[in-house]
Engineer: 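Please read through the structure below; I'll follow up with questions.
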Amino acid sequence: MASNSSSSRFPLMTMLFSLFLILGIALYVVLYQGTTVINLKPHMRAIGSMFIAPPPPKPKPVKRVTYYNRPPWISQHVFDTCDDRCEMISSSNYKNSDAVVFHAPDIHMGTPLRKYRGQTWVFHAMEPPFLIPSFKNWKRLFNWTLSYRRDADLFNPYSTFTRRKDVGNKDTQHIIRWENKTRNLGWIVSHCGIESQRLKYVEKLKQTIDVDAFGRCGKLHCPRGQWQECLERYKFYASFENALCIDYITEKSFRVFERNVDSIPVTRGAPDYSMFLPPGSFVNTRNFSSSRNLGTFLKRLSDDKPTFMTYFKWRHYYKAEDQIDSKMGFCELCRRLHNPTQKYRRLYEDIDEWLRQGSLPRRSCRPVIDII
């Protein structure tokens, strides 16, 4: 039995050996026919590379981004946690930089600076146009805009809302102390005579509902850093912007959501607030034909506890996160500097016109028409 088994395996092994020999000869003919020993090594390396793992990809080069006049609320380490590699340099020496960022409100020079070949210039503006000096002479210099406006190249709102991961968790539910709400409308304000004429609007509103103003423009004092405690008694908070400009919604509205303040924000501005804030979470002055109608509505709402509480349902589903000094816009800037498919170099013919849009039907800011 053993002899028969051995004899049956022998032809099989012979056949396999012959097959491998034939394949080897064929491979040799295909690869090395006419090849001398001297130039045989490149072919051997080609075969060897088939069985060796490729080397790891080279790390991306670091892009140098100079912030010409960096404000203190922008960290020099703003790129540290970005997916792409960029280095923030705070200096007026920008000759060797890949990109240069300018904080528009603090540029007070009529004559533009020199732009070096291959650089990307970024116009950073988080303030309304009336707080930014003229850039009429800075033509064909800026490539990208970084702003709260949705039509900016790098969109960076003051805050964003994200879906809660713990929806339905009773431990996250916040109890509103209705019995502590003894006052109607509170307002914390420090800049009085500004473009939106919000002080005049409040004076009109006071004819219908009581308004308590804290700060330089009011008679009440709120200790620094204790604004949340100051608003505990109020059912509403006046989130009135200093300018009525497109997409301009600032911390005056967002901070009430970020800190879970138990006061309904009453917004006054030009943006479409429904694109920025949760539905049913605020009262918009633009929905009322006069300050008197607004005051009447607020007084009626202040006596309706069940309806009042519905304005806080959003907390079960969303949370607000501050973005004004975040990495949101800057990480996108860094990503674009590295991405070869997005290496477009848009060039603004007139950055001042983009900022103010004075000659366009859709102006950046609208006039005050609601003080009636």
Side-chain angles (χ1 to χ4, degrees), residues 67-74 90 92 100-113 121-139 141-142 144-159 187-202 213 215-218 227 238-255 267-273 276 285 322-326 328-330 348 350-360 362-371:
Y67 206 127
Y68 180 82
N69 56 336
R70 181 175 60 89
W73 46 272
I74 295 295
S90 184
S92 58
V100 186
V101 185
F102 296 88
H103 188 234
D106 296 329
I107 295 291
H108 298 278
M109 53 182 77
T111 304
L113 298 171
W121 277 22
V122 183
F123 185 84
H124 188 197
M126 299 299 290
E127 296 290 350
F130 85 96
L131 290 177
I132 299 177
S134 173
F135 277 82
K136 286 189 175 295
N137 295 330
W138 294 61
K139 298 184 185 298
L141 288 173
F142 289 100
W144 295 338
T145 50
L146 173 58
S147 172
Y148 58 84
R149 278 172 47 175
R150 286 177 294 132
D151 62 345
D153 298 285
L154 305 164
F155 177 48
N156 196 155
Y158 275 70
S159 186
W187 186 32
I188 300 176
V189 59
S190 56
H191 296 91
C192 310
I194 40 82
E195 192 175 80
S196 67
Q197 300 182 39
R198 57 191 176 191
L199 206 58
K200 290 183 180 180
Y201 186 87
V202 168
R216 298 175 186 172
C217 308
W227 63 273
S239 301
F240 295 169
E241 300 293 351
N242 58 12
L244 309 180
C245 302
I246 56 173
D247 300 334
Y248 185 61
I249 171 172
T250 70
E251 77 285 348
K252 297 174 185 64
S253 294
F254 284 124
R255 65 181 176 182
T267 62
R268 180 174 181 262
D272 180 356
Y273 283 91
F276 295 91
T285 62
D322 180 27
Q323 300 290 351
I324 183 61
D325 56 353
S326 76
M328 177 178 177
F330 284 92
Y348 285 86
D350 188 344
I351 195 67
D352 199 77
E353 178 60 27
W354 177 85
L355 174 68
R356 305 178 203 284
Q357 297 185 352
S359 61
L360 298 177
R362 183 174 180 260
R363 296 173 62 92
S364 294
C365 304
R366 64 178 179 84
V368 177
I369 58 174
D370 59 350
I371 303 179

Engineer: State the CZ-CD1 distance between Arg255 and Ile188, to the nearest 0.5 angstrom.
Structural biologist: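 These two atoms lie 5.5 Å from each other.
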Engineer: Tell me, please, which residues at least two apart from Tyr158 pass ring-ring contact (aromatic ring centres under 6.0 Å, His included).
Structural biologist: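 Counting only residues at least two positions away or on another chain, Tyr158 forms no ring-ring contact (aromatic ring centres under 6.0 Å, His included).
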Engineer: Do you know the tightest heavy-atom contact between Pro271 and Phe276?
Structural biologist: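 That closest heavy-atom pairing would be CB-CE1, 4.2 Å.
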Engineer: So, do Phe330 and His124 have ring centers that fall under 6.0 Å from each other?
Structural biologist: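 Between His124 and Phe330, which both carry aromatic rings, the centre distance is below 6.0 Å.
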Engineer: Of the non-hydrogen atoms in Trp73 and Ile324, which two are nearest, and what is the gap between them?
Structural biologist: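 For Trp73 and Ile324, the tightest heavy-atom pair comes out as CZ3-O, 3.5 Å.
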Engineer: Could you tell me which non-hydrogen atom of Gly269 sits nearest to which non-hydrogen atom of Arg366, and how far apart they are?
Structural biologist: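 Smallest interatomic distance, heavy atoms only, reads O-NH2, 3.2 Å.
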Engineer: Who pairs with Arg268 by salt bridge (charged side-chain N to carboxylate O under 4.0 Å, His left out), at least two apart in sequence or on another chain?
Structural biologist: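 Counting only residues at least two positions away or on another chain, Arg268 forms a salt bridge (charged side-chain N to carboxylate O under 4.0 Å, His left out) with Asp370.
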Engineer: Would you say the side chain of Val368 lies within less than 4.5 Å of the side chain of Tyr201, judging by non-hydrogen atoms?
Structural biologist: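 Contact flag for Tyr201/Val368 side chains = no.
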Engineer: To the closest 0.5 Å, what do you measure between CZ (Phe123) and CH2 (Trp138)?
Structural biologist: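 The distance works out to 9.5 Å.
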Engineer: For Ser134, enumerate each residue passing the side chain to side chain donor-acceptor pair (under 3.5 Å) test, keeping only those at least two apart in sequence or located in another chain.
Structural biologist: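 Side chain to side chain donor-acceptor pair (under 3.5 Å) check on Ser134 returns nothing, list empty.
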Engineer: Mind checking the CG-NE2 spacing from Leu131 to His191? Nearest 0.5 Å is all I need.
Structural biologist: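 One finds 8.5 Å between CG of Leu131 and NE2 of His191.
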Engineer: Under the rule for ring-ring contact (aromatic ring centres under 6.0 Å, His included), what residues qualify as partners of Tyr148, not counting sequence neighbours?
Structural biologist: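 Tyr148 satisfies ring-ring contact (aromatic ring centres under 6.0 Å, His included) with Tyr248 only.
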Engineer: Ignoring hydrogens and angles, tell me if any N or O in the side chain of Asn156 forms a donor-acceptor pair with the backbone of Leu146 under 3.5 Å.
Structural biologist: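 No; zero donor-acceptor contacts below 3.5 Å.
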Engineer: Supply the atom-to-atom distance Ser190 OG to Arg216 CZ, rounded to the nearest 0.5 angstrom.
Structural biologist: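 Reported value, rounded in 0.5 Å steps: 5.5 Å.
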Engineer: Is any side-chain heavy atom of Phe254 less than 4.5 Å from a side-chain heavy atom of Asp322?
Structural biologist: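 Contact flag for Phe254/Asp322 side chains = no.
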Engineer: In chain order, what residues pass the side chain to side chain contact (heavy atoms under 4.5 Å, CB included) check against Pro105, with sequence neighbours excluded?
Structural biologist: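 Partners of Pro105 by the side chain to side chain contact (heavy atoms under 4.5 Å, CB included) criterion, ordered by chain and then number, come out as His103, Glu127, Ile132.
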Engineer: With a 3.5 Å distance limit and no angle check, can you tell me whether Arg149 reaches the backbone of Leu355 through a side-chain donor-acceptor pair?
Structural biologist: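 Yes; judged by distance alone, with no hydrogens or angles, the pair exists.
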Engineer: May I ask you to test the Phe135-Phe102 pair for a side-chain heavy-atom distance under 4.5 Å?
Structural biologist: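 A side-chain contact is absent here, since even the closest heavy-atom pair is not under 4.5 Å.
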Engineer: Apply side chain to side chain contact (heavy atoms under 4.5 Å, CB included) to the pair Gln197 and Ile371, showing each step before the final yes or no.
Structural biologist: CA-CA 9 Å; Gln197 300 182 39; Ile371 303 179; 3.7 Å; yes
Engineer: Would Tyr348 and Thr145 count as having a side-chain donor-acceptor pair, cut-off 3.5 Å?
Structural biologist: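 Yes, because at least one side-chain N or O of Tyr348 sits under 3.5 Å from a partner of the opposite role on Thr145.
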Engineer: Could you work out, with side chain to side chain donor-acceptor pair (under 3.5 Å) as the rule, every residue matching Asp352, not counting sequence neighbours?
Structural biologist: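 Partners of Asp352 by the side chain to side chain donor-acceptor pair (under 3.5 Å) criterion, ordered by chain and then number, come out as Arg356.
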Engineer: Test of understanding: with side chain to side chain contact (heavy atoms under 4.5 Å, CB included), list the residues that count as partners of Val202, not counting sequence neighbours.
Structural biologist: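 If we apply the side chain to side chain contact (heavy atoms under 4.5 Å, CB included) test to Val202, skipping adjacent residues, the hits are Trp187, Lys206, Val211, Phe240.
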Engineer: What are the two closest heavy atoms between Pro133 and Ile107, and how far apart are they?
Structural biologist: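 Distance-wise, the nearest heavy atoms are CG-O, 2.8 Å.
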Engineer: Run the side chain to side chain donor-acceptor pair (under 3.5 Å) test against Lys139 and tell me which residues pass, sequence neighbours left out.
Structural biologist: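 Partners of Lys139 under the side chain to side chain donor-acceptor pair (under 3.5 Å) test: Asp350.
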Engineer: Flag the pair Asp247 / Phe155 as yes when at least one side-chain heavy-atom distance between them is below 4.5 Å, and no otherwise.
Structural biologist: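 Contact flag for Asp247/Phe155 side chains = no.
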Engineer: With a 3.5 Å cut-off and no angle check, do the side chains of Glu241 and Thr250 form a donor-acceptor pair?
Structural biologist: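 Judged by distance alone, the side chains do pair up.
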Engineer: So, taking the atom named CZ in Arg198 and the one named NZ in Lys252, what distance separates them when rounded to the nearest 0.5 Å?
Structural biologist: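 If I round to the nearest 0.5 Å, the distance is 5.5 Å.
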Engineer: Trp121: what forms a side chain to side chain donor-acceptor pair (under 3.5 Å) with it, not counting sequence neighbours?
Structural biologist: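 Trp121 satisfies side chain to side chain donor-acceptor pair (under 3.5 Å) with Gln119 only.
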Engineer: Keeping the roles fixed (side chain from Ser364, backbone from Cys245), state whether a donor-acceptor pair exists under 3.5 Å.
Structural biologist: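 No, Ser364 side chain to Cys245 backbone: no donor-acceptor pair under 3.5 Å.
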Engineer: Measure the shortest side-chain to side-chain distance between Gln357 and Pro129 over non-hydrogen atoms and say whether it is less than 4.5 angstrom.
Structural biologist: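 In short, these two side chains do not touch, never coming nearer than 4.5 Å.
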Engineer: If we count only N and O atoms by modelled type, under 3.5 Å, do the side chains of Asn242 and Ser196 hold a donor and an acceptor together?
Structural biologist: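 No donor-acceptor contact under 3.5 Å links the two side chains.
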Engineer: Nearest 0.5 Å, please: how far is OG1 in Thr285 from CG in Leu244?
Structural biologist: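 Leu244 CG to Thr285 OG1: 8.5 Å, rounded to 0.5 Å.
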